[in-house]
Amino acid sequence: MTARMRLQPADVGVGLTGQRVRDRLIEDLRNSGIADERVLNAIRTVPRHQFVDEVLASRAYENNALPIGFGQTISQPFVVAKMTEALLRDGPKKVLEVGTGSGYQAAVLAALGLEVFTVERIGELLRTARKRFRGLGLHVRSKHDDGRIGWPEEAPFDAIIVTAAGPALVEALLAQLAPGGVLVAPVGASSGQTLLCLRKQADGGIVQEELGAVVFVPLLSGMTD
Ligand code: SAH
């Protein structure tokens, strides 16, 4: 009994969510090709363990997606980093996210000083994410809606990030992109998608770049409580 207690120091939880494990994750991201120091800093700073259930907190700084309930997941840190890096390239100010989920991606964008708008179709996930934003003092505007319609009242956006996978690009979202703006979205089959980065030219034309293979949960229609 005593021996076991010695093996379980009171700060073990702190250790598994503390600076050392976060630094290890940052090294992992660097080795995977993430080079933007602003992105690495934001990921080091935002407490990912507060965006998952307590029982998963000790795994929050592993480079993996984790379940957040309702069949949804918090994206893998590498994918968050990759999408954020692509989105930051042209110095955006106003950003729309479709698929708030845990709120982690939105928090990373807010930590970078961006003006963040995020839309989630599952009410319960959004309520939990809002508590997290408040608890961390992050200013994020959010809406319970089908994000495939975007946020027309707030358009245009300098960047739009879609964190759920659809079979094709959503036209309404492209329409809400400012000239020079960038849209990052996984597009393809439910079993696996290509992460696309689209840039809207001043003349309205679109330049497309492929960022790699990803697997996201599906972009669904309608809303639920
Ligand atoms: N960015 C999230 C990832 C969550 S997973 C994070 O950092 O945790 C994708 C999320 O997209 C899920 O919460 C899912 O409910 C949501 N989603 C799927 N289709 C949607 C739609 N049409 N509108 C808004 N949110 C949607």
Side-chain angles (χ1 to χ4, degrees), residues 25 29 39 42-43 45-53 56-57 59-87 95-112 114 116-133 135-136 138 140-152 154-155 157 159-174 176 183-188 190 192-193 195 214-225:
L25 171 62
L29 295 177
V39 175
I43 290 180
T45 310
V46 176
R48 189 169 185 259
H49 67 280
Q50 291 183 26
F51 289 82
V52 294
D53 193 275
L56 292 173
R59 296 176 52 199
Y61 298 96
E62 294 171 10
N63 195 2
N64 289 317
L66 291 169
I68 55 171
F70 303 90
Q72 307 304 319
T73 53
I74 178 173
S75 306
Q76 183 193 11
F78 172 70
V79 174
V80 171
K82 189 88 185 155
M83 293 176 93
T84 306
E85 206 172 47
L87 182 148
V95 179
L96 173 69
E97 178 193 34
V98 175
T100 315
S102 67
Y104 179 70
Q105 173 75 69
V108 167
L109 296 172
L112 283 158
L114 302 175
V116 184
F117 295 78
T118 185
V119 187
E120 171 58 54
R121 65 178 289 280
I122 301 177
E124 188 58 33
L125 283 178
L126 188 58
R127 282 190 286 279
T128 307
R130 280 175 175 158
K131 280 188 209 142
R132 292 172 176 144
F133 300 145
L136 292 167
L138 291 170
V140 174
R141 300 262 311 271
S142 63
K143 180 168 79 138
H144 183 205
D145 209 341
D146 180 343
R148 294 177 316 159
I149 62 166
W151 199 322
E154 290 293 342
F157 297 94
I160 300 180
I161 176 169
V162 184
T163 66
L169 285 166
V170 179
E171 285 298 327
L173 295 179
L174 271 176
Q176 289 174 31
L183 182 143
V184 184
V187 175
S190 57
Q193 309 91 35
L195 191 56
V214 285
V215 184
F216 274 84
V217 294
L219 187 66
L220 300 173
S221 58
M223 298 152 68
T224 73
D225 286 342

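Counting starts at 1 for both ligands and their atoms, following the listed order.
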Worksheet entry | Ion pair check, R127 and E124, cut-off under 4.0 Å | yes

Worksheet item: Ignoring hydrogens and geometry, is there a side-chain-to-backbone donor-acceptor pair from Q193 to G166 under 3.5 Å?
Response: no

Worksheet item: Yes or no on side chain to side chain contact (heavy atoms under 4.5 Å, CB included) for Y104 and L66, after CA distance, side-chain angles and deciding distance?
Response: CA-CA 12 Å; Y104 179 70; L66 291 169; over 6 Å; no

Quick one: table the atom pairs, ligand 1 N or O against protein N or O, below 3.5 Å, distance rounded to 0.1 Å.
from, atom 1, to, atom 2, distance (Å)
ligand 1, 1 (N), E97, OE2, 2.9
ligand 1, 1 (N), G99, O, 3.0
ligand 1, 1 (N), T163, OG1, 3.1
ligand 1, 7 (O), Q105, N, 3.1
ligand 1, 8 (O), S102, N, 3.1
ligand 1, 8 (O), S102, OG, 2.6
ligand 1, 13 (O), E120, OE1, 2.8
ligand 1, 13 (O), E120, OE2, 3.3
ligand 1, 15 (O), E120, OE2, 2.6
ligand 1, 19 (N), L220, N, 3.0
ligand 1, 22 (N), D146, OD1, 2.9
ligand 1, 22 (N), L220, O, 2.6
ligand 1, 23 (N), G147, N, 2.7
ligand 1, 25 (N), R121, N, 3.4

Fill in: Which residues share a ring-ring contact (aromatic ring centres under 6.0 Å, His included) with H144, sequence neighbours left out
none

Worksheet, complete the sentence: Contacts of R121 meeting salt bridge (Lys or Arg N to Asp or Glu O under 4.0 Å) (sequence neighbours excluded), chain-then-number -> none

Worksheet entry | Contacts of type ring-ring contact (aromatic ring centres under 6.0 Å, His included), residue F216, not counting sequence neighbours | none

